[in-house]
Amino acid sequence: MVNLTHTRSTVTILFSVLLLAASGCKKLIEIDPPIDSVNTGVVFNDPDKITAALSGIYFTLMTNTGTPAFSNGHMTVYGGLMADELSPYAGASNVADYQFFTNKLMLSNELVQPLFWNCAYRAVYLSNSILEGLQATTSPAITDSVRRQAEGECRFARAFCYLYLTINFGDVPMPLSTKVMEEAAQKRQPVGKVQEQITADLVAASQLLPDNFAITKGEKLRPNRYAAMALLARHYLYMEKWAEAAAQADAVINSGLFSLPGLEKTFSPSSAEAIWQLKHSTEGTVSPVMEEPRLLMPQASLSLLDPATQEMMLEPAMFEEYSYVFIASFSMTDRLIQAFEPGDKRLDKWTDSLTVPLAAPWNGKKYRFAAKYQRLAATGEAPPPYYTVLRLAEQYLVRAEARAHTGNLAGAVADLNVIRSRAGLPAINAAGMTAVLDAVMQERRIELFAEWGHRWFDLKRTGKAAQVLGSIPEKQPWSDTRLLLFIPPAEIQNAPGLSQNPGYTW
């Protein structure tokens, strides 16, 4: 259970996040001091207050008061480490990160709870708080359209968090209210039951939310109907409900709202491809822009300097002093780099590289970094604070896989070739379900690399983790028990009804 011992009441949590939203989301409204209960009708007697509360959800997922979380880049980083995408520059000297890289997490690892558990449950709790406040208010100012929008966004956000909680932990507690004592006593719910709730929330959200981005003036910062359908398509794919996954992806693809821009525009703010993005708020926080680019890209790109300066910086004495500026915390593995086909433009457009000095201890090694977002300039300027969560290319890949499983191999190949064409690759003509599914997995690996842990989840859900990851020296001996993270010990201590995942002992 989320650590509710730190929560004195529903009111405290709700208003603390509302206040964060007010300071961190361009001061949408001024929030009154906390009142005795969110159920008095006072909290939601004004649509602007609902907007501020909803903004608090996105603030939690992205900015998180300057704290790393699964949703502001660390699902990408640590999913990449657990798979075969990323390698830590610090090696074994950073014990916590290296445990993810070797898939040998210890219960003493201090990253699991804050990154993958706390933030998700905080967003769930806030979503439940708003839903209860909506149900309680009788204010005529809260119109049906306002209610539908708010309920749709809350149910979407709750489903989003539960999707990642189940993928990472398996069975998890599933609070659907803010009744602290009742929810604190809840045991882990079977994955199947949580999946039913995810489905129900996303189906409801797709019916409640509008089919446009008018509420955010064209920006993709709050989910609409197609965001709910896109997430539902992914959810159905993970559940192997092929026909349903194909139908949802098809609706998104054919909506006319999204298109595939050039590779350099894919991750730009309000990209034509983006279906839902999170935006970092710099007001009232000490955090720089989103976490992921700071970890996956160097602070400054040596390739953007003039040749003379590059040569100077690569002098051993100079490089020793400034290497930390030009080498990212995590680099792409050789396995990932070698998986790109010759001529794939994504290797050029979505990565950056650095060849270090020939002298020891660098020995001329070449590093390649994921750079899907704007590359950092030589001055170290920050990338744009827009983080793409859902995008159109994934929907083509969802539909391709679902089509292959339902026997529509020609349709699956057609979808793959849409993605390959943008990457500058020739069309494929795979024949037979096995060949087509292999092509789908290859395209997912390259198109979605270093993005939201897709590779890690794909290896898990297709049963290929042992085969692929078990052959990597650092990950041996392999154990399938490490396909799930451990339940944070502090949560088990606070809620003894919780059980630990197999394979984890003190």
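Quick caveat: nothing in here was measured; it's all calculated off a predicted structure.
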May I ask you to decide whether Lys179 forms a salt bridge with Glu132, counting only side-chain N to carboxylate O separations under 4.0 Å?
no
So is Arg155 actually on top of Phe160's ring, under 6.0 Å and inside 45° of the axis?
no
Here's a test for you: under ring-ring contact (aromatic ring centres under 6.0 Å, His included), which of Tyr58, Tyr373, Trp276 qualifies with Tyr387?
Tyr373
Say whether, by atom type as modelled, one donor and one acceptor occur between the side chain of Gln99 and the main chain of Met106 under 3.5 angstrom.
yes
Checking side chain to side chain contact (heavy atoms under 4.5 Å, CB included) for the pair Tyr226/Phe213: CA distance, chi angles, key distance, verdict?
CA-CA 10 Å; Tyr226 294 109; Phe213 296 100; over 6 Å; no
What verdict does the side-chain hydrogen bond (donor to acceptor under 3.5 Å, both in side chains) test give for Asn408 and Arg399, after you've listed the backbone C-alpha separation in whole Å, the side-chain angles of each residue and the deciding distance to 0.1 Å?
CA-CA 10 Å; Asn408 183 1; Arg399 191 172 70 175; over 6 Å; no
So which atom in Tyr504 and which in Leu484 form the shortest heavy-atom distance, rounded to 0.1 Å?
OH-O, 2.7 Å
Smallest separation among heavy atoms of Trp452 and Val389, with atom names:
NE1-CA, 3.6 Å
Contact check, side chains of Phe486 and Gln500, non-hydrogen atoms, under 4.5 Å:
yes
Looking at every non-hydrogen atom in both residues, tell me the closest pair between Ile275 and Lys220 and how far apart they are.
O-CB, 4.0 Å
Intermediate values then yes/no, side chain to side chain contact (heavy atoms under 4.5 Å, CB included), Asn72 and Leu61
CA-CA 6 Å; Asn72 64 13; Leu61 291 174; over 6 Å; no
Find out whether Leu459 and Arg445 are in side-chain contact, i.e. whether some heavy atom of one side chain is under 4.5 Å from a heavy atom of the other.
no
Which of these, Leu165, Ile167, Asn168, sits in a side chain to side chain contact (heavy atoms under 4.5 Å, CB included) with Phe116?
Asn168
So, do Arg147 and Thr137 sit near enough that their side-chain heavy atoms are less than 4.5 Å apart?
yes
Kindly indicate whether the side chain of Arg455, heavy atoms from C-beta on, has any atom under 4.5 Å from the side chain of Phe449.
no
Arg444 vs Glu451, test: salt bridge (charged side-chain N to carboxylate O under 4.0 Å, His left out). Steps then yes/no.
CA-CA 10 Å; Arg444 286 183 65 88; Glu451 195 173 335; over 6 Å; no
Is the closest side-chain heavy-atom distance between Val146 and Phe44 below 4.5 Å?
no
Report the C-alpha distance between Glu153 and Arg158 in whole Å, list the side-chain angles of each, state the deciding distance to 0.1 Å, and finish with yes or no for salt bridge (charged side-chain N to carboxylate O under 4.0 Å, His left out).
CA-CA 9 Å; Glu153 291 189 53; Arg158 184 168 67 184; over 6 Å; no
In Trp456, Tyr78, Phe330, the residue satisfying ring-ring contact (aromatic ring centres under 6.0 Å, His included) with Phe100 is Tyr78
Compute the ring centroids of Phe267 and Trp350, then answer whether they are less than 6.0 Å apart.
yes
So does Gly411 get a backbone contact from the side chain of Arg403, meaning a donor-acceptor N/O pair under 3.5 Å?
yes
Tell me, do Leu278 and Leu221 make a side-chain contact under 4.5 Å, heavy atoms counted?
no
Is a donor on one side and an acceptor on the other found under 3.5 Å between the side chain of His235 and the backbone of Gln195?
yes
Side-chain donor-acceptor contact under 3.5 Å, Asn501 with Arg482
no
What are the two closest heavy atoms between Pro175 and Tyr162, and how far apart are they?
O-OH, 2.7 Å
Measure the CG-OG distance between Asp201 and Ser206 for me, rounded to the nearest 0.5 Å.
11.0 Å
Cation-aromatic face contact Lys460/Tyr238, 6.0 Å, 45 degrees:
no
In sequence, state the C-alpha distance, the side-chain angles, and the governing distance for Leu176 and Met174, and then conclude on side chain to side chain contact (heavy atoms under 4.5 Å, CB included).
CA-CA 6 Å; Leu176 299 175; Met174 189 177 66; 4.2 Å; yes
Lys187 and Asp171: side chain to side chain contact (heavy atoms under 4.5 Å, CB included), yes or no, with the steps?
CA-CA 9 Å; Lys187 296 182 179 180; Asp171 299 346; over 6 Å; no
Looking at CD of Glu110 and CG of Leu115, how far apart are the two atoms once the value is rounded to the nearest 0.5 Å?
11.5 Å
Quick check on Glu264: does its CD atom have over 12 non-hydrogen neighbours (other residues, nucleotides or ligands) under 6.0 Å away?
yes
How far apart are the closest heavy atoms of Thr266 and Ser271, and which atoms are they?
O-OG, 2.9 Å
Separation between CG (Leu263) and NZ (Lys372), nearest 0.5 Å, reads 10.0 Å
If we only count heavy atoms from C-beta on, is the Thr199 to Met239 side-chain gap below 4.5 Å?
yes
Could you grab the distance from atom OG1 of Thr462 to atom CG of Leu437, nearest 0.5 Å is fine?
10.0 Å
Report yes if the distance between the aromatic ring centroids of Trp117 and Phe169 is under 6.0 Å, otherwise no.
yes
Between the side chain of Glu85 and the main-chain N/O of His454, is any donor-acceptor distance below 3.5 Å?
no
Is Arg225 reaching over with its side chain to a backbone N or O of Leu209, donor-acceptor style, under 3.5 angstrom?
yes
Examine distances only and state if a side-chain atom of Thr388 and a backbone atom of Leu390 form a donor-acceptor pair shorter than 3.5 Å.
no
Is the closest side-chain heavy-atom distance between Pro47 and Ile142 below 4.5 Å?
yes
Evaluate the criterion side-chain hydrogen bond (donor to acceptor under 3.5 Å, both in side chains) for residue pair Glu244 and Gln248; output intermediate values, then yes/no.
CA-CA 6 Å; Glu244 292 89 339; Gln248 296 297 318; over 6 Å; no
Step by step, would you call Glu401 with Arg234 a salt bridge (charged side-chain N to carboxylate O under 4.0 Å, His left out)?
CA-CA 11 Å; Glu401 186 176 347; Arg234 181 192 297 179; over 6 Å; no
Is the backbone of Ala246 close enough, under 3.5 Å, to the side chain of Asp250 for a donor and an acceptor to pair up by distance?
no
So how far is it from Asn64 CG to Asn118 CG, rounded to the nearest 0.5 Å?
9.0 Å
Gln493, CD: over 12 other non-hydrogen atoms inside 6.0 angstrom:
no
Look up atom CG in Leu111 and atom CG in Leu105, then write down how far apart they are to the nearest 0.5 Å.
9.0 Å
For a quick test of reading the model, state the closest non-hydrogen atom pair linking Ala90 to Asn94 and the distance between them.
CB-CB, 4.0 Å
